Protein chains: 2
Amino acid sequence: MAKIKPGKNASKKDVINQKAAVLFREKGFSSASMRELAEAVGVEAPSLYNHIGGKSELLQEICFKVANAFTSYLDTTENMEESFAARVEHIIRFHIRMMLDHFDEVYVANHEWKHLKEPYLSNFLIQRRGYEKRLIGLLEGGIAAKEFKQTNPYVAVLTILSAVRGLEFWQQHKKNISSRELEDDMVNHLLKGITK
Amino acid sequence: MAKIKPGKNASKKDVINQKAAVLFREKGFSSASMRELAEAVGVEAPSLYNHIGGKSELLQEICFKVANAFTSYLDTTENMEESFAARVEHIIRFHIRMMLDHFDEVYVANHEWKHLKEPYLSNFLIQRRGYEKRLIGLLEGGIAAKEFKQTNPYVAVLTILSAVRGLEFWQQHKKNISSRELEDDMVNHLLKGITK
DNA sequence: TTGTAAAACTAATGCTTATTAGTTTTTTGT
DNA sequence: ACAAAAAACTAATAAGCATTAGTTTTACAA
């Protein structure tokens, strides 16, 4: 019998996690099979269970790794001594960078979270909702400080988060534009609009 | 043997299509089972096949119905004798309305298209790509006419389409804000920005 | 080199799936 | 009322799924 404790073996587990993120992005969580994942890793399917707890656990780790990264950066910005506009800009840029640098994981967290099992599903949604509320608070601060127009902060946050999320399309057919130019253009569009 | 030609029976098939859109949105295409769909419709699973060709066909019809609606409206705007800014605004408002009025189908077309089978998958992507290109053309026209700032039209279209798409979150936890206010706020944000 | 733990393997389990076949009930047109 | 078509049903098929059990190979420490 081969019962293994998760031990210090980080290396192989990390490979599995990374391949899982790619596979889940490409085929979706439900359509992706452990057989396929095993093939990507270079092993038979049952061997995966020497390193991981199961398919669901893979999704959980991807989703919360991403969620924690965003939450953590928001903590940072809230301690910044900068204008509201500057802090919102930092957050937008962080989202863009996360999308470009950790594409597979962010994509999976954005698209496949609904296949999380309880209580992880609830926890994820609570964390996400909390993040949005804090972001709305930042927008409200900016409006009160007259840095932003008198607009609905919920709609503004919705618009910003969604726009940034859409970078998944850019990733799919990479355009002839540098990621720096992309970042600046999108930040400008979201903060200053496009009409003259 | 019960071989049925798809005939004029629109009514029951429409019910199946509508329930399928809801189910595919809620559980995702792969996780949704024909048993569940049958239960939602009020029959046993095999009975569905008297009305439809199969699970894949349901997805195809949802995706192309949505895609054709957008393409069709773009045709309309291209024949309008209005400014570029006004036409872009019309399109943004149409996207918002589609999202609010045909939520399930638009959501499924946006999220589950990757489970289309060939050649439908390729056709869908070609149609979508064509739509984006025409929209970019509109932005370029607006820039040339000095109605829009000198910005990257691809990034602008990406930002606009993604922002509008994010209304799926608004649908999920409907806020205390009228859809008209939402529409106006988002259009303003995307066209004029939020900073003063 | 030898003992031990880690990690691979094969085989099997039990469940779910979409779909087809064949039959029966319901609806519809005359 | 009667015949034909439509649409429901039950039962069965064949494939795929995640996961477990049990065994064997590999890697490493002494």
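Because the structure is predicted, anything quoted here is derived from the model rather than measured. Worth knowing before you read on, the calculation uses all heavy atoms, side chains too, and leaves out hydrogens, waters and symmetry mates. Convention: sequence-line order gives letters A, B, ...; per-chain numbering from 1.
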Note to self: Using a 4.0 Å heavy-atom cut-off, does B:S33 contact any base of the nucleic acid, only the sugar-phosphate backbone, or nothing at all?
What the structure shows: sugar-phosphate

Check: If you look at every strand shown and take non-hydrogen atoms under 4.0 Å, does A:A38 touch a base, only sugar-phosphate, or nothing?
Finding: nothing

Notebook entry, point to check: Can B:E118 and B:S122 be said to form a side chain to side chain donor-acceptor pair (under 3.5 Å), step by step?
Noted result: CA-CA 6 Å; B:E118 293 292 358; B:S122 294; 2.7 Å; yes

Can you measure [X] atom [atom1] to [N] atom [atom2] for me and round it to whole angstrom units?
| X | N | atom1 | atom2 | value |
| --- | --- | --- | --- | --- |
| B:E44 | C:dT20 | CD | P | 17 Å |
| B:I16 | C:dA18 | CD1 | C1' | 15 Å |
| B:K117 | C:dA18 | NZ | P | 11 Å |
| A:M34 | C:dA8 | CE | P | 13 Å |
| A:H115 | D:dC17 | NE2 | C1' | 15 Å |
| A:F29 | D:dC17 | CZ | P | 13 Å |
| B:E36 | C:dT19 | CD | P | 15 Å |
| B:K27 | C:dT16 | NZ | P | 12 Å |

Item checked: Pair A:H95 + A:F70: ring centers closer than 6.0 Å -> yes

Item checked: Any B:K12 side-chain nitrogen or oxygen under 4.0 Å from OP1 or OP2 of D:dA6 -> no

Note to self: Does C:dA8 have OP1 or OP2 under 4.0 Å away from a side-chain N or O of A:H51?
What the structure shows: yes

Next item on the list: Tell me yes or no: between the side chains of A:N68 and A:Q127, is some donor less than 3.5 Å from an acceptor?
Entry: yes

Check: Has the side chain of B:N50 got a donor or acceptor atom sitting under 3.5 Å from an opposite partner on the base of D:dA6?
Finding: no

Margin query: On DNA chain C, compare the nucleotides closest to B:R35 and A:L48; which residue's is nearer the 5' end?
Written below: A:L48

Notebook entry, point to check: Roughly how far, to the nearest 0.5 Å, is CD1 of B:I91 from CD of B:E89?
Noted result: 11.0 Å

Margin query: Salt bridge check, B:D104 against B:K19: does any charged N sit closer than 4.0 Å to a carboxylate O?
Written below: no

Check: Which nucleotide in the set D:dT19, C:dA18, C:dC9 lies at the smallest distance from any side-chain heavy atom of B:Y49?
Finding: C:dA18

